[in-house]
Number of protein chains: 2
Amino acid sequence: MSQELKTPLSQAKDDFVTQWGAIGSAWGINRTMAQIHALLMVTARPLSTDEVMDELKISRGNAHSNLRELIGWGLIRSVIRKGERKEYFEAEKDVWKMFCIIVRERKRREIDPALEVLTRCRQATKGLKGEEAEVFQKQIAALSDFVAVANRVMDKVANGSESQLMPLALKMIK
Amino acid sequence: MSQELKTPLSQAKDDFVTQWGAIGSAWGINRTMAQIHALLMVTARPLSTDEVMDELKISRGNAHSNLRELIGWGLIRSVIRKGERKEYFEAEKDVWKMFCIIVRERKRREIDPALEVLTRCRQATKGLKGEEAEVFQKQIAALSDFVAVANRVMDKVANGSESQLMPLALKMIK
DNA sequence: CACAACTTTCAGTATTATCTGAAAATATAG
DNA sequence: CTATATTTTCAGATAATACTGAAAGTTGTG
């Protein structure tokens, strides 16, 4: 199975995996998690933990925890083959479903808490007078409105039953 | 100016600054940079480097480099007062403009490179046969399409001269 | 030019995030 | 129950990132 020289395909895969990892980390996602995700996205068959470790040259512990994390996000699922004890993993390959999952999770993990903070800041300064206070209130209100809209948009995107239609809809924007 | 007990306003500010920093870092933005941004967003008047250092209890070097970075993003601008040698900084306060700036910058810094990688992977595997190769090609093609759409959407959002109208438009989505 | 005000740089240090590897736990087969 | 395969945990190591503080650089002023 392993060869001395890499095939063009495996070179391209490596390139993709590496770059996807870099992109992920620019968006606050653990590099290894993004790499595993990339690897599973472009691999035809489900891989075992050992195969992932081997492909990415990472330790068992690292592979394990990032695979679990990806399952937590819903971006991959585990596959159990009859008669085998090992667990295999495969990625959700539908790009739009993927996108919806990521939007939904980030909303839940980050937008919701942000709204809480903003609401708390509003409460705490309600009724205060003076220029400083008023600038603060105005800015917090504007941010709240913005985040609330983002929230609704993300809900629509993430739960739109017509995720299949989204690509078309967006293309319309031209 | 400084008091023993914090006013409700400065408490709320601190809370906001801290939390905004946390949110930023979940999105791959340096915590301090997000905090400085937050501070300037909710402060009525432009602040000097020393005031920023003092408010956030950070060193001159740290304040300096993050202020420059924020200027690089276009999220703050420097203000020179006549007859004063110090440089002051103020944030863009319009939330929608802010959003557009961030979208434009992230597109430039991350989406464009992502498209390059995908294009390169497509080229490199063009014409290869076999199930593995075909799954790879199909997935890369799907991702390319997706990223291309995202690209166009981000362009529209970031350069739409009617950024004032965006909030309304989005509210329409309901 | 000399001085003071202010900004910039960056080597060294601190902090935080991530990873390793081996031991412990769990599950399955016989 | 025992042996074996596999997964899970986590203390300590490593790597990545961010920060400090002081020295060097720059700019404006008299």
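Below, read A as the first sequence line, B as the second, and so on, with proteins coming before strands; counting in each chain starts at 1.
Cluster membership check: A/Met53 does not share its hydrophobic cluster with A/Ile36, using side-chain heavy-atom separations under 4.5 Å among Ile, Leu, Val, Met, Phe, Trp and Tyr.
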Next item on the list: Kindly determine whether B/Glu132 and A/Lys13 satisfy salt bridge (charged side-chain N to carboxylate O under 4.0 Å, His left out), including the steps that lead there.
Entry: CA-CA 11 Å; B/Glu132 266 293 323; A/Lys13 266 195 184 185; 3.0 Å; yes
Margin query: Between A/Arg45 and A/Glu51, does the salt bridge (charged side-chain N to carboxylate O under 4.0 Å, His left out) criterion hold? Intermediate values first, please.
Written below: CA-CA 11 Å; A/Arg45 61 197 181 73; A/Glu51 288 169 311; 3.0 Å; yes
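If you measure from atom CZ of A/Arg68 to atom P of D/dT6, you get 15 Å, rounded to the nearest angstrom. A/Met53 has its CE atom 12 Å from the C1' atom of C/dA22, to the nearest Å. Rounded to an integer number of Å, the gap from A/Glu69 CD to C/dA17 P is 14 Å. The nearest whole Å value for the distance from the CD atom in B/Glu51 to the C1' atom in C/dC6 is 14 Å. Rounding to whole angstrom units, NZ of residue A/Lys82 and P of C/dT28 are separated by 16 Å. Between the CG atom of B/Asn30 and the P atom of C/dT15 there is a distance of 16 Å, given to the nearest Å.
OP1 or OP2 of D/dC19 sits under 4.0 Å from a side-chain N or O of B/Thr32. Distances shorter than 4.0 Å separate none of the side-chain N or O atoms of A/Arg31 from OP1 or OP2 on C/dT18. At the phosphate of D/dT8, OP1 or OP2 sits under 4.0 Å from a side-chain N or O atom of A/His64.
For D/dT27, the base has a donor-acceptor partner in the side chain of B/Arg85 [N/O atoms by modelled type, under 3.5 angstrom].
A donor-acceptor contact closer than 3.5 angstrom is absent between the side chains of A/Thr32 and A/Gln35.
In this structure, B/Asn66 reaches the sugar-phosphate backbone alone: every heavy-atom distance under 4.0 Å involves primed, P, OP1 or OP2 atoms, never a base. If you check every strand for non-hydrogen atoms under 4.0 Å, B/Arg60 touches a base.
Both A/Glu84 and A/Asn62 sit near DNA chain D, but only A/Glu84 has its closest nucleotide nearer the 5' end. Residues A/Glu87 and A/Ser25 each lie close to DNA chain D; by heavy-atom proximity, the contact nearer the 5' end of the strand is made by A/Glu87.
Side chain of B/Lys86, nearest nucleotide from C/dT8, C/dT20, C/dT7: C/dT7.
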